[in-house]
**Q** 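I have a structure here, written as structure tokens, and I will follow up with some questions on it.
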Amino acid sequence: MDNDEYDIETLAVRAGTVRSQFNEHSEAIFLTSSFMFSSAAEAAARFKGEQPGPIYARFANPTVNMMEARLAALEGAERCVAFASGMASILATVMGLMKAGEHVVASRSIFGSTVQLFSNILGRFGVETTYVSPTDPAEWRAAVKPNTRLFFVESPSNPLTEVSDIRALADIAHEAGAWLAVDNCFCSPALQKPLELGADIVIHSATKYLDGQGRVLGGAVLGSKELMEGVFTFLRTAGPTLSAFNAWVILKGMETLSLRMEAHSKNALALAQWLEAQPQVARVWYPGLPSHPQHELAMRQQKTGGGIVSFELKGGKDAAWKLIDATKLLSITANLGDTKSTITHPASTTHSRMTAEQRAAAGISDGLVRIAAGLESVADIQTDLTRGLAG
Ligand SMILES: *Cc1c(COP(=O)(O)O)cnc(C)c1O
């Protein structure tokens, strides 16, 4: 199908489908590690890359390829390379495109494991990272060095939902001869398309909204054919491969992506407005609220405010833990992007491996609570929270 002719809702359901000889309606799962050739000559041609077609499932499987083609259609990317997880995708981006002695400028407000990867692992291999404010493009410009190759940002950020100006960062990156990579996990292509805003690379934890039902881990890197060649070579050689089964789950998850993102956003906005009116709440962070510091930018750059709401309780850590422990409906888990609403205390879980100073610099206080709004009734979620707020 010609992707340019269709809207995202249509692409999410139909893009990338390749049918087998049986003409199955729903996409098939190919659980096989290798693929056969009809002759020695065909085998040789496949290995040489002269003939298209799968060889070995570490780097090519029809189910995984369908998932990649569908996600590429949604993001408007030339190519998508799938990985076993979001973290494997971030690692592959650096391993595929950079070398020792080069430099990354990254937002200070990124996923905790991403900070660990840049600082503690890639740092040991000679890739240095400077952290800057997600909301001040001038800091990015000031952090550029002659060896800067990559800008890395998450928008909105986790857990404070800070919104970065993707177009401004892309311009600064390009002036510096660097690429801008955007972790688009919080929005998904249903709400934000970073490549259209000038980014070079989009990264996904498919574990979150793309699956959308908390079942499997997966990830992806998207961009131009040229950039993805290096990322694919890392996959082919090192093997952090997405399984065919997980790819199929994500492929099916994407079919309801737009509907789910709309519903998550609606619940999150209602929850954010309600939380803002509670006397125990010091502050609410949600890009869809006019009180959010980058509200206008968010509404320009994103279709909605998304599904994540964070708020700070006046009573600090004790109040936060009490609220979490009083819930009967919400899931106490660090995951997000599920049909089930989740509640998290970032300072002691997802961001606990940061030092207290790093947390303070990122604005993650001990009274901060993050809710990923699921698809339950918002009235039921409010009732669940009222118990711990009042008690
Ligand atoms: C979860 C998450 C990741 C890591 O993804 P995994 O699939 O868990 O490896 C990366 N970035 C963001 C923003 C995330 O929320």
Side-chain angles (χ1 to χ4, degrees), residues 109 112 156-163 185-188 191 208-209 212-214 259-295 298-299 302 304-352 359 362-391:
S109 302
S157 71
N158 182 20
L160 288 183
T161 72
E162 296 148 294
V163 176
C185 178
F186 269 36
C187 272
S188 92
L191 303 186
K208 312 294 168 52
Y209 289 111
Q213 285 141 92
L259 279 175
R260 283 186 287 104
M261 292 314 293
E262 218 169 280
H264 285 300
S265 304
K266 198 167 142 250
N267 276 358
L269 176 62
L271 208 52
Q273 288 166 335
W274 177 79
L275 283 164
E276 232 177 13
Q278 304 307 307
Q280 300 87 348
V281 174
R283 189 171 167 193
V284 180
W285 283 266
Y286 182 67
L289 287 180
S291 62
H292 188 282
Q294 297 94 38
H295 175 64
M299 293 301 97
Q302 306 171 198
T304 70
I308 313 292
V309 184
S310 287
F311 54 100
E312 191 176 327
L313 289 166
K314 289 178 183 162
K317 183 186 164 187
D318 289 348
W321 279 34
K322 202 176 83 196
L323 174 72
I324 291 169
D325 289 345
T327 58
K328 293 181 182 162
L329 180 69
L330 300 194
S331 310
I332 305 174
T333 171
N335 196 33
L336 61 93
D338 197 308
T339 51
K340 299 176 173 69
S341 293
T342 66
I343 188 163
T344 313
H345 182 243
S348 59
T349 59
T350 51
H351 293 67
S352 62
R359 271 200 301 278
I364 300 165
S365 71
D366 286 347
L368 191 76
V369 175
R370 185 194 77 191
I371 291 180
L375 304 183
E376 305 94 338
S377 118
V378 76
D380 288 338
I381 300 171
Q382 287 166 0
T383 304
D384 205 36
L385 293 172
T386 302
R387 273 186 273 275
L389 278 178

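These numbers come from a predicted model, not from an experiment.
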**Q** Quiz question: by atom type and distance under 3.5 Å, do the side chains of W321 and H345 form a donor-acceptor pair?
**A** yes
**Q** Donor-acceptor pair, S377 side chain versus A379 backbone, under 3.5 Å?
**A**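 The answer is yes, because a donor-acceptor pair under 3.5 Å joins these two groups.
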**Q** Holding to side chain to side chain donor-acceptor pair (under 3.5 Å), I want the full list of residues that pass it with E276, two or more places apart in sequence or in another chain.
**A** S291
**Q** Looking only at heavy atoms, which two atoms of S365 and A347 are closest? And how far apart?
**A** O-CB, 3.9 Å
**Q** Taking the side chain from S341 and the backbone from G374, do they hold a donor-acceptor pair closer than 3.5 Å?
**A**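 Judged by distance alone, yes, a pair lies under 3.5 Å.
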**Q** Please give me the minimum heavy-atom distance between S310 and L160, naming the atom from each residue.
**A**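 That closest heavy-atom pairing would be OG-N, 4.4 Å.
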**Q** For the atom pair CD1 (I371) and CG (L271), what is the distance rounded to the nearest 0.5 Å?
**A**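 Here the interatomic distance stands at 5.0 Å.
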**Q** State the CD-CG distance between Q278 and L323, to the nearest 0.5 angstrom.
**A** 10.5 Å
**Q** Is a side-chain N or O of D384 found less than 3.5 angstrom from the main chain of L330, in a donor-acceptor match?
**A**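 Present.
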**Q** Looking at Y209 and L336, would you say the former's side chain and the latter's main chain have a donor-acceptor pair under 3.5 Å?
**A** no
**Q** Can you tell me how far apart CZ (R370) and OG1 (T344) are? Round to the nearest 0.5 Å.
**A**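 Between atom CZ of R370 and atom OG1 of T344 there are 4.0 Å.
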**Q** Apply side-chain contact (heavy atoms from CB on, under 4.5 Å) to T304 and list each qualifying residue two or more places apart in sequence or on a separate chain.
**A** L191, S265
**Q** In Å and rounded to the nearest 0.5 Å, what is the CD to CD distance from Q294 to Q302?
**A** 10.0 Å
**Q** For C185 and K208, which heavy atoms make the closest approach, and how far apart are they?
**A** SG-CG, 3.3 Å
**Q** I want to check something: taking the side chain as every heavy atom from C-beta on, are K340 and L375 in contact at a cut-off of under 4.5 Å?
**A** no
**Q** Could you state the interatomic distance from CG (L329) to CG (L385), rounded to the nearest 0.5 Å?
**A** 9.0 Å
**Q** Begin from the C-alpha positions of H351 and N158 and carry the test side chain to side chain contact (heavy atoms under 4.5 Å, CB included) through to its verdict.
**A** CA-CA 9 Å; H351 293 67; N158 182 20; 4.0 Å; yes
**Q** Would you name the heavy atoms of G306 and A268 that are closest together and state the gap between them?
**A** O-CB, 3.4 Å
**Q** Hey, is the main chain of A282 close enough, under 3.5 Å, to the side chain of E312 for a donor-acceptor pair?
**A**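 Pair absent, no side-chain N/O of E312 close to backbone of A282.
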**Q** Under a 3.5 Å distance rule, please check whether H295 uses its side chain to pair with a backbone N or O of P287 as donor and acceptor.
**A**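 A pair under 3.5 Å: yes.
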**Q** On a heavy-atom basis, which atom in G214 and which in D338 lie closest, and how many Å separate them?
**A**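 That would be CA-OD2, 3.2 Å.
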**Q** Between W285 and V309, is any pair of side-chain heavy atoms under 4.5 Å apart?
**A** no
**Q** Treating T342 as the side-chain partner and N335 as the backbone partner, does any N or O pair qualify as donor plus acceptor under 3.5 Å?
**A** yes
**Q** Any chance you could measure D318, atom CG, to K322, atom NZ, to the nearest 0.5 Å?
**A** 8.5 Å
**Q** Which pair of non-hydrogen atoms, one from P293 and one from R283, has the smallest distance, and what is that distance?
**A** CG-NH2, 3.8 Å
**Q** Return yes when atom CH2 of W274 has more than 12 non-hydrogen atoms of other residues, nucleotides or ligands closer than 6.0 Å, and no otherwise.
**A**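 Yes, because the 6.0 Å sphere around CH2 of W274 holds more than 12 heavy atoms from other groups.
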**Q** Just one of H264, E376, Q213 clears the side-chain contact (heavy atoms from CB on, under 4.5 Å) bar with T339, so which one?
**A**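 Answer after filtering H264, E376, Q213: Q213.
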**Q** Would you call F311 and L368 a side-chain contact if the rule is heavy atoms closer than 4.5 Å?
**A**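 No, every pair of side-chain atoms sits at 4.5 Å or beyond.
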